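Everything numeric in this text was worked out from a predicted model, so none of it was measured.
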Amino acid sequence: MKMRIRVLLLLSLFEAHSHAASRPNFVLLMADDLGIGDPGCYGNETLRTPNIDRLAEGGVKLTHHLAASPLCTPSRAAFMTGRYPIRSGMASESLVGVFIFSASSGGLPTSEITFAKLLKNQGYSTALIGKWHLGTNCHNKTDFCHHPLSHGFDYFHGIPMTNLRDCKPGEGSVFSGGIRVLVFIPLQIIAITLLTLAVLKFLGLVHVPPAIFVCLLCLAAMILGLLVCFLHYFRPLNCFLMRNHEITQQPISYDNLMQRLTADAVQFIQRNAETPFLLVLSYLHVHTALFSSKDFSGKSKHGAYGDAVEEMDWGVGQILNVLDELKLANNTLVYFTSDQGAHVEEVSTKGEVHGGSNGIYKGGKANNWEGGIRIPGILRWPGVIKAGLEIDEPTSNMDIFPTVVNLAGSPLPKDRIIDGRDLMPLLQGKTQLSDHEFLFHYCNFYLNAVRWSPRNSTSVWKAFFFTPKFSPEGANGCFSTHLCLCHGQFVNQHHPPQTATPRPCRRSPISCHWATFSGSHGFRCAARLPGCPASVTGRNRPGGRAARCTSGDRGPAPAAPPALCTHRAAALRRASPVGTSDWEPLSILLPKGSVKSPPVTPGGKQSLWYTQG
C-alpha cells in the first residue's frame with residue numbers, strides 16, 4: 001500500500017513538472033508611438049534595427065496587425081484585457097483621450113481581467129517594466145486601485161502615466177495650445193484694454209477710475225502666476241519613476257533611463273529562469289520627450305528620433321541575448337509591437353521632426369487611417385512557430401490576451417465578451433484566414449470605422465462613418481491641433497459611410513437607397529468592380545485570386561463593400577454575393593445605444609464613392 005502511494009505521488013509530481021515545463025514563458029515588448037515604417041524588417045533602409053529584424057527572421061511577421069485604438073491609454077487597455085476599450089470604459093468622450101495627470105481618478109477598472117491576473121493564478125511570476133498609462137488611484141493617493149500591482153503584476157518598475165515633453169526641460173510643452181488660449185489671448189485682451197483706457201483717459205474722453213487699472217493689472221498678474229506655478233509644479237507632480245508602490249525618482253531623470261530599465265528586465269528574467277514568467281517590457285521610446293544615452297545620441301541618420309529607435313533596438317537585443325544565455329529561447333514566446341502608429345505631427349520647438357514613419361499608410365496616431373493603427377507585430381517561439389513567415393491576415397493587439405492565456409493553460413473568462421482571437425492556429429498554419437471577419441475602429445468612444453474581411457473574397461473593406469479634417473489642407477495630419485480630434489468641427493461626416501480597401505484601384509460610384517433589413521433601417525448599396533490600373537497586386541487568400549491587375553483586367557468581383565449605415569438592432573449579418581460581377585448588400589447592425597455613431601437620415605437615392613486605396 002505504501003509503495004502504491006509513493007508511486008502515485010511520484011507520478012503526480014512528474015505530471016506537475018511536465019505541465020510546468022510545457023507552459024512557455026512570455027516576453028511582450030511594446031514600443032510607444034513607433035511607426036510600422038520604422039523597423040528595418042518592415043522596409044526601413046536607413047534606421048538600424050538589427051535586433052528587431054533578428055526577431056522577425058526567427059519568427060512570424062504580421063503585416064496586417066492593428067491596434068485596437070490609435071491612442072495610448074485605450075490601446076493599452078485593449079491589449080491587457082483582449083476587449084475593445086469602450087467595453088471597459090477606457091474610451092474617452094472628451095477631446096483628450098488619454099490620462100495626462102497623475103491625479104486623474106480614472107483608470108482600468110478593478111473589475112477588468114488582465115492576462116497578468118490569469119497567468120498569476122496559474123503560478124507565473126509577472127512583471128511590468130516601463131510605461132503603464134492605465135491610471136493609478138481611485139479615491140486617494142494610497143489606494144492604488146488602478147496600479148499594475150492591482151491588475152495581476154507582482155512587480156512594477158516604471159512610470160504610471162506617460163512620457164511627455166513637459167517632463168524634460170527644454171523640450172517644450174504639450175500644453176502650448178491650451179496656454180495660448182487660456183493665457184496669452186486673455187493677456188493680450190487685458191493689454192489692449194489697458195492701453196485703450198489709458199489713451200481715452202489721456203485724451204479726456206472717458207473718466208477711468210484708478211481701481212479699474214489696478215484690477216486689470218492684478219488679473220494679468222494672477223494669470224501669469226498661475227502659469228508659472230503650473231509649469232513649475234507639473235514636472236515633479238506628474239513625471240516620476242516608481243518601483244511597486246514607492247516613488248524612486250521625482251522628477252524623473254532621463255540619464256541612462258533605457259539602460260536602467262533594461263537591466264531591471266534582464267534581472268527579472270534571471271531571477272525567474274526556473275519558473276514560468278510573464279514580462280511586459282513597455283518602452284518609453286519613442287514617445288516624446290525623446291531621449292537617448294551618449295552611446296546612441298547623434299549616431300543615427302534621423303536625429304533624436306532615430307537615436308531613440310536605435311537605442312530601443314539595443315534594448316530588444318539585450319532581452320534576446322539573456323534568453324539565449326539562459327537557454328530559455330526555445331520555451332519563450334516573444335512578441336514585439338507598438339501601441340499605435342507614429343505621431344506624424346510631432347515637431348520640436350526647433351523645427352525638428354520628432355515623429356516616426358508609417359510607411360505607405362495615410363495618417364498617424366490619434367486617427368483611424370491605416371497609419372494610425374497599422375502596427376508592427378512580430379512573434380517568435382522557436383520550434384513551435386515556423387521562422388521567416390509573413391502573414392497578411394487582419395489581426396489585432398487584442399489577440400495577445402487569448403493567445404497568452406490559452407498557452408498558459410488558463411480558461412478564458414466566461415462572464416464577459418473577449419474580442420481578441422487566439423493567434424496560434426494562424427501562426428502555426430492550421431488555418432489560413434484570420435478569425436476576425438469584422439474589426440471595429442473607435443476614435444475615443446465614437447465608432448469611427450469598421451473593417452470587413454469577407455470569408456469568400458480576397459478583399460478587405462473598411463468603411464468610415466467620419467474622417468478627420470487634416471490641417472493645413474493637403475497635410476498628412478492635424479498639425480493645428482497637434483492630434484486629430486474625434487467630433488464636431490474637426491471631422492467630416494459621411495452619410496452613407498465612405499468605404500475603402502487597402503489595395504489602391506480606380507474609383508467607382510456605388511448606388512445606394514434607403515431600405516429596411518428585418519425591421520432595421522439602413523442604406524442598401526450595389527456596384528460593379530472597377531478596372532484596376534497597372535501594377536496593383538491583389539491580396540492572396542487560399543482559393544482567392546492573387547494576380548497582378550492590368551488595365552482592362554477586371555477579374556472576379558470582390559464581395560460587397562459594406563453599407564455600414566444602420567443605427568439600431570443587435571447583431572451582425574451579411575448577405576453572400578450571388579455572382580462574380582454584382583455585389584449584394586451588407587448591413588452591420590449595431591447594438592442600440594452602445595456607441596455614438598453619426599445619425600443617418602433617410603432619403604432617396606444617394607451616391608457613395610469608394611476608393612480601393
Side-chain angles (χ1 to χ4, degrees), residues 66-71 73-75 77-78 81-98 340-341 362-363 365-374 394 396-398 417-420 436-453 460-469 478 483-501 512 517 520-523 525 561-574 585-602 608 610:
L66 302 160
S69 173
L71 279 174
T73 294
S75 176
T81 63
R83 290 154 52 83
Y84 288 111
I86 196 169
R87 295 193 190 277
S88 60
M90 298 300 284
S92 172
E93 186 177 359
S94 65
L95 292 179
V96 181
V98 300
Q340 68 267 323
K362 180 178 181 178
K365 177 179 178 177
N367 64 76
N368 280 302
W369 289 113
E370 289 299 283
I373 53 177
R374 190 77 73 106
S396 170
N397 62 353
M398 297 185 292
I417 295 173
I418 302 298
D419 299 298
H436 292 288
E437 184 174 3
F438 295 96
L439 282 166
F440 296 86
H441 304 295
Y442 290 87
C443 188
N444 288 354
F445 88 146
Y446 298 92
L447 181 61
N448 186 183
V450 181
R451 184 180 308 257
W452 179 40
S453 181
V460 175
W461 293 96
K462 185 178 178 184
F464 286 91
F465 289 110
F466 60 88
T467 49
K469 293 180 180 177
C478 305
L483 283 172
C484 291
L485 303 176
C486 298
H487 55 81
Q489 62 180 328
F490 303 104
V491 301
N492 290 314
Q493 303 283 353
H494 301 295
H495 311 296
Q498 174 180 315
T499 60
T501 175
C512 296
F517 303 94
S520 298
H521 303 289
F523 283 98
C525 305
L564 307 175
C565 313
T566 54
H567 63 282
R568 59 174 295 274
L572 298 176
R573 77 174 66 216
R574 175 170 62 85
L586 164 74
S587 175
I588 289 198
L589 308 176
L590 305 175
K592 186 176 181 180
S594 64
V595 295
K596 287 194 175 182
S597 55
V600 177
T601 304
L608 167 67
Y610 79 93

So how far is it from Ser453 OG to Lys462 NZ, rounded to the nearest 0.5 Å?
13.5 Å
Tightest non-hydrogen contact, residues Leu483 and Leu71, listed as CD1-CD2, 4.5 Å
Can you tell me how far OH of Tyr442 sits from CE of Met90, rounded to the nearest 0.5 angstrom?
15.5 Å
For Lys365 and Pro70, the nearest pair of non-hydrogen atoms, with its separation, is CG-O, 3.5 Å
Report the distance from atom CH2 of Trp452 to atom CD of Glu437, rounding to the nearest 0.5 Å.
7.0 Å
Are Gln498 and Asn492 close enough, and set up right, to give a side chain to side chain contact (heavy atoms under 4.5 Å, CB included), and what steps lead you there?
CA-CA 10 Å; Gln498 174 180 315; Asn492 290 314; over 6 Å; no
Quick one: CZ on Arg374 to NZ on Lys362, what's the gap to the nearest 0.5 Å?
14.5 Å
Would you say the SG of Cys484 sits under 2.5 Å from the SG of Cys478?
yes
For the residue pair Tyr446 and Phe466, categorise the inter-ring angle as parallel (less than 30°), tilted (30 to 60°) or perpendicular (more than 60°).
perpendicular
When you compare the side chains of Thr467 and His494, does any donor N or O come within less than 3.5 Å of an acceptor on the partner?
yes
Option passing side chain to side chain contact (heavy atoms under 4.5 Å, CB included) with Ile373 (candidates Asn448, Leu439, Asn368)
Asn368
For residues Phe464 and Ala449, report the shortest heavy-atom separation together with the two atoms involved.
CD2-CB, 3.8 Å
Does the side chain of Asn444 come within less than 4.5 Å of His487's, by heavy atoms?
no
Spacing of CD belonging to Gln340 relative to OG1 belonging to Thr73, to within rounding of 0.5 Å
9.0 Å
Side chains of Gln493 and Phe465 in contact at under 4.5 Å (non-hydrogen atoms):
no
Side-chain donor or acceptor of Lys469 paired with backbone N/O of Gln489 under 3.5 Å
yes
Quick one: closest heavy-atom pair of Ala366 and Cys443, and the distance?
O-SG, 4.0 Å
Looking at every non-hydrogen atom in both residues, tell me the closest pair between Asn397 and Ala68 and how far apart they are.
OD1-N, 3.1 Å
Closest heavy-atom pair and its distance - Val460, Pro394
CG2-CG, 4.2 Å
Backbone N/O of Ile417 and side chain of Arg83: donor-acceptor pair under 3.5 Å
yes
Keeping Tyr84 on the side-chain end and Phe440 on the backbone end, is there a donor-acceptor pair under 3.5 Å?
yes
From Ser75 OG over to Leu66 CG, what is the distance, rounded to the nearest 0.5 angstrom?
10.5 Å
Do Met398 and Thr81 come close enough that some side-chain heavy atom pair is under 4.5 Å?
no
